[in-house]
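To start, the structure under review is shown below, and the notes come after it.
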Amino acid sequence: MQANLVKEEISREKGRDCLAMGGLDPCTIVIFGASGDLTARKLIPALYHMFLSGSLPEPVSVVGCARTMFSSDDFRSLMHQACASHGKADMAGWPEFAALLFYRQVAYDSEKSFRELAAYLDELDRQRGTRGNLVFDLALPPTLYPVVAEMLGRAGLAAQHSDNRGWSRIVVEKPFGRDLDSSRELDRVLHEHFQEEQIFRIDHYLAKETVQNILMFRFANTIFEPIWNRGFIDCVGIMAAEKLGVENRAGYYEQAGVIRDMFQNHMLQLLSLIAMEPPSHFESEQVRDEKVKLFCSIRPFSRGQGEVVLGQYGPGLLDGQEVMGYRQEPGVGARSLIPTFALMHFYVENWRWQGVPFCLVSGKRLAGKQTRIIIQFKEVPHSIFRDVLGEEVVPNRLVLGIYPEEGISLTFQTKNPGARVCLRPMTMDFRYDTGSVLDAYEKVLLDCILGDHLLFWRQDSIEQTWKILTPILNECEQCQGRAQQLHLYPAGSWGPEAARAQVDRIRDRKEVRNAP
Ligand code: BG6
C-alpha cells in the first residue's frame with residue numbers, strides 16, 4: 001500500500017514536470033498578420049499564457065507585423081483587449097508581458113520593407129540578446145504565403161547560422177494549397193528559400209492533448225494493439241461535428257468547403273493516428289514516415305462509388321434560436337454549392353485494415369459540438385445467450401473523446417443485477433484532466449521553438465492526402481447535377497438524411513446487426 005502511494009506520488013511529480021519545458025533557445029517571434037483575427041484570438045493569448053506559466057524562452061521578443069500603421073503601444077493595447085476578452089484572463093502579468101511586444105509596419109510585397117524589417121530585427125536582437133533566432137509565423141491569408149516567403153528570402157531572413165544569425169523557422173497554417181498542384185507549387189516557393197527542417201506546417205488538431213494521447217494509448221499499452229485490426233474491429237467512426245456556422249469567414253470558406261477545410265487536414269490526421277503502424281521510435285521523422293505509408297495505403301475512391309455524401313446547412317433552430325442557412329450568411333452566394341457537411345468512407349488497403357470502413361463525418365451548424373473517434377469492435381463470434389434470452393449482445397465500443405469530453409471510454413457487457421439473467425452494457429470512463437495544460441497553439445509554438453516537427457505536417461503526407469482528395473473534389477465540383485447531389489439539412493440537425501442512409505448501406509453490406 002505504502003509503495004503504491006509512493007509510486008503515485010512519483011507519477012504525480014512527473015505529471016507536473018510535463019507541464020514545463022526547459023532549455024528553449026532565446027528567440028524573436030515575428031507574427032505576420034498581426035492586425036488580424038488569428039493573432040488576437042489565438043496567438044497572442046497563447047503566448048501570454050505561456051509567459052504566465054513560465055514556458056516562454058528567455059529572453060524572447062514578439063514582433064507583430066502588418067500593413068496597418070500602428071505604434072508598438074497601439075499594438076500592446078489592442079492585444080491587451082484581445083487577451084482580456086479571449087485569453088485566460090489573469091491580466092496581472094500583462095505589463096511585464098507587454099514589454100516583450102513590439103510592432104513594425106510592413107508592405108508584404110516590398111523587398112525594401114523586408115530589408116528594413118531585417119535591420120530592425122537585427123537591432124532588436126542585439127538589444128535583447130535573442131542570439132539571432134527567428135520564428136516567422138504567417139497568420140495571413142494563404143495567398144500571401146508565397147509572397148512573404150519570397151520576401152523573407154530576399155531580405156536574407158531565411159538564412160541560418162551565418163553572420164549574426166541563429167536559426168530561422170517559418171510557420172504556415174492550412175490550407176496547404178487547394179489541390180495537389182497548388183500544394184506542390186506552395187511547397188516549391190517555400191523551398192526556394194527555406195529547407196524542409198525550417199518549415200512548420202501547423203495542424204492544431206495534432207496539438208490537442210487527447211489527439212496526442214492516441215499514440216500513447218496504442219503503443220504504450222500492450223492490451224489494445226493485439227486487437228487493433230480487422231480481426232476484431234468492425235468499423236471506425238471519426239466525427240467532428242460543429243455548432244458554429246461559417247462565422248465571418250465566408251470569403252475563405254466559399255473557396256474551401258468542408259473537404260478542404262476539415263478533411264484534407266484534421267480528419268485525415270486523426271485517421272492516420274488510429275490506423276498507422278508503430279514506428280520503432282517516437283521521433284518526428286519516424287512517426288511521419290509511418291503516417292505517409294498509411295496515406296499511401298488508402299484506397300482511392302470516387303464519388304460515384306457512393307462513398308461520399310455532401311450537405312449544406314439551411315435555416316433551422318439551434319439551441320432554440322433561429323439561425324440562418326449557409327446561403328443567407330454574409331458573403332455567401334445565394335446559390336452557393338459549397339458543402340458544409342461531408343461524410344466519406346475510407347478503406348485502408350493493408351493486412352491490418354482490409355475491409356474495415358473508416359467513416360469520417362464533419363459538418364457545420366450541427367446539433368452539437370462533438371469531436372470523437374469510435375472504435376466499434378466485432379460482435380461475439382457466437383452468442384451463448386441469444387437462444388436463452390433472445391437478446392442481442394451489443395459489441396464492445398471504445399470511444400476516444402476529443403471534445404467536449406476529453407477522455408476514453410470502453411463499453412462492455414455485464415450482467416444486470418437481479419434474479420433475471422439479462423445483459424447490461426456498462427461504460428468504463430477515463431476523463432482527461434486538462435485543467436492547466438498547454439492549449440493547441442501554445443504547444444505548436446513551443447515545438448516550433450524547440451525545432452520538433454512531430455506535430456507538424458510533412459510535405460509528402462500533404463501531397464498524398466491531396467492525391468486522394470483532388471479527384472473527388474474535381475468530381476464533386478464539376479459533375480452534372482451538382483445541386484441535386486448537395487443535400488440540404490436544417491441547421492441544428494445532425495446532418496442530411498442521406499448521410500444516415502449511407503451509413504446504413506455500409507452497415508448492411510457488412511451485415512452488422514447492432515447499431516454503432
Ligand atoms: C479549423 C477550421 O481548422 O478547425 C474551422 O478551419 C473549424 O472551420 C475548426 O471550425 C475546428 O477546430 P476545433 O478545434 O474547434 O475543433
Side-chain angles (χ1 to χ4, degrees), residues 32-33 36-38 108-109 138-150 170-192 194 199-206 240 242 246-272 292 295 298 300-303 307-308 310-312 326 329 331-333 335-344 346 360 362-364 456-479 482 485-486:
F32 291 107
D37 190 50
L38 183 63
Y108 293 127
D109 55 356
L138 275 49
L140 289 169
T143 44
L144 286 172
Y145 293 172
V147 181
V148 171
E150 173 71 25
I170 186 166
V171 181
V172 290
E173 291 251 359
K174 66 137 237 273
F176 311 115
R178 51 177 287 106
D179 54 19
L180 182 57
D181 289 346
S182 53
S183 74
R184 284 182 170 151
E185 176 55 19
L186 171 63
D187 190 56
R188 189 191 62 72
V189 178
L190 290 176
H191 274 105
E192 266 182 21
F194 293 89
I199 304 172
F200 291 75
R201 303 177 188 86
I202 292 188
D203 187 319
H204 78 279
Y205 265 51
L206 285 179
E242 294 188 78
V246 67
E247 307 303 297
N248 52 2
R249 299 161 72 219
Y252 153 75
Y253 204 84
E254 277 282 277
Q255 297 302 313
V258 67
I259 297 181
R260 293 188 179 89
D261 186 47
M262 292 294 290
F263 280 70
Q264 185 276 325
N265 33 72
H266 312 321
M267 302 298 282
L268 283 173
Q269 276 291 350
L270 294 179
L271 166 53
S272 71
V292 77
F295 292 133
I298 291 179
F301 59 95
S302 68
R303 185 175 186 183
E307 314 275 3
V308 184
L310 299 180
Q312 187 190 73
Y326 179 69
E329 300 272 13
V332 173
R335 281 201 274 274
S336 170
L337 296 176
I338 291 299
T340 59
F341 172 99
L343 175 147
M344 292 193 204
F346 291 78
L360 275 53
S362 179
K364 290 202 178 288
F456 297 85
W457 278 88
R458 202 169 63 186
Q459 179 63 17
D460 51 0
S461 281
I462 291 180
E463 289 187 16
Q464 197 51 44
T465 52
W466 278 125
K467 273 187 199 161
I468 300 163
L469 294 176
T470 301
I472 298 168
L473 281 162
N474 288 342
E475 230 186 315
C476 294
E477 287 167 0
Q478 290 154 20
C479 68
R482 191 175 162 196
Q485 297 195 31
L486 183 71

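Both backbone and side-chain heavy atoms feed into the values below; hydrogens, waters and symmetry mates do not. Note that the numbering runs from 1 along the sequence shown for the chain. Note that this is a predicted model, so its numbers are computed, not measured.
- In this structure, R260 and I338 have side chains that are not in contact, with every pair of non-hydrogen atoms separated by 4.5 Å or more.
- Between F200 and F456, the angle of the ring planes goes over 60°, which puts this pair in the perpendicular group of the 30/60° scheme.
- Taken to the nearest 0.5 Å, the CD1 atom of I468 stands 12.5 Å off from the CD atom of E463.
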May I have the step-by-step check of side-chain contact (heavy atoms from CB on, under 4.5 Å) for D203 and H266, ending in yes or no?
CA-CA 7 Å; D203 187 319; H266 312 321; 2.7 Å; yes

Using the side-chain contact (heavy atoms from CB on, under 4.5 Å) rule, take L186 and V172 through it: C-alpha gap first, then chi angles, then the decisive distance, then the call.
CA-CA 11 Å; L186 171 63; V172 290; 5.7 Å; no

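- Between L140 and Y108, some side-chain heavy-atom pair lies under the 4.5 Å cut-off.
- Contact record, P339 with Y253: O-OH, 3.7 Å, taken as the closest heavy-atom pair.
- No donor-acceptor pair under 3.5 Å is formed between the side chain of S362 and the backbone N or O of M262.
- The two atoms that bring A149 and I170 nearest to each other are CB-CD1, 4.3 Å, heavy atoms only.
- The backbone N or O of P141 lies less than 3.5 Å from no partner atom in the side chain of Y252, so there is not a single donor-acceptor pair.
- The CG atom of N265 sits 12.0 Å away from atom CD1 of I202, with the distance rounded to the nearest 0.5 Å.
- Side chains of H191 and I199 form a contact here, defined as non-hydrogen atoms less than 4.5 Å apart.
- The shortest distance between side-chain heavy atoms of L310 and Q485 does not fall below 4.5 Å.
- Here the side chains of E307 and M344 are not in contact, with every heavy-atom distance at 4.5 Å or above.
- For the pair Q264/F176, a side-chain contact is recorded, criterion being any heavy-atom separation below 4.5 Å from C-beta on.
- One N or O on the side chain of T465 and one on the backbone of I462 form a donor-acceptor pair closer than 3.5 Å.
- Y145 places no side-chain N or O within 3.5 Å of a backbone atom of G177 that could act as its donor or acceptor partner.
- The minimum heavy-atom distance between Q459 and S183, with the atom names listed, is NE2-O, 3.5 Å.
- The two residues E254 and S336 have their closest heavy-atom pair at OE2-OG, 2.7 Å.
- Aromatic ring orientation, F301 versus F346: perpendicular (interplanar angle above 60°, classes split at 30° and 60°).
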CA sep, side-chain torsions, deciding dist, call: R201, D187, side-chain contact (heavy atoms from CB on, under 4.5 Å):
CA-CA 11 Å; R201 303 177 188 86; D187 190 56; 3.0 Å; yes

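- Look at R188 and E192 and you find a salt bridge, because one of the NZ, NE, NH1 or NH2 atoms lies within 4.0 Å of a carboxylate O, short of that distance.
- A heavy-atom distance below 4.5 Å is not found between the side chains of L337 and Q312.
- S272 places a side-chain N or O within 3.5 Å of a backbone atom of Q269 that can act as its donor or acceptor partner.
- The distance from atom CG of L180 to atom CG of L473, rounded to the nearest 0.5 Å, is 11.5 Å.
- In this structure a side-chain-to-backbone donor-acceptor pair under 3.5 Å is present from R178 to Q255.
- For the pair L469/L268, a side-chain contact is recorded, criterion being any heavy-atom separation below 4.5 Å from C-beta on.
- In this structure a side-chain-to-backbone donor-acceptor pair under 3.5 Å is present from K174 to D261.
- In this structure, the side chain of D179 does not engage the main chain of W466 through any donor-acceptor pair within 3.5 Å.
- Taking CG from L271 and CZ from F263, the interatomic distance works out to 10.5 Å, rounded to the nearest 0.5 Å.
- The nearest pair of heavy atoms linking V258 to T340 is CB-C, 3.9 Å.
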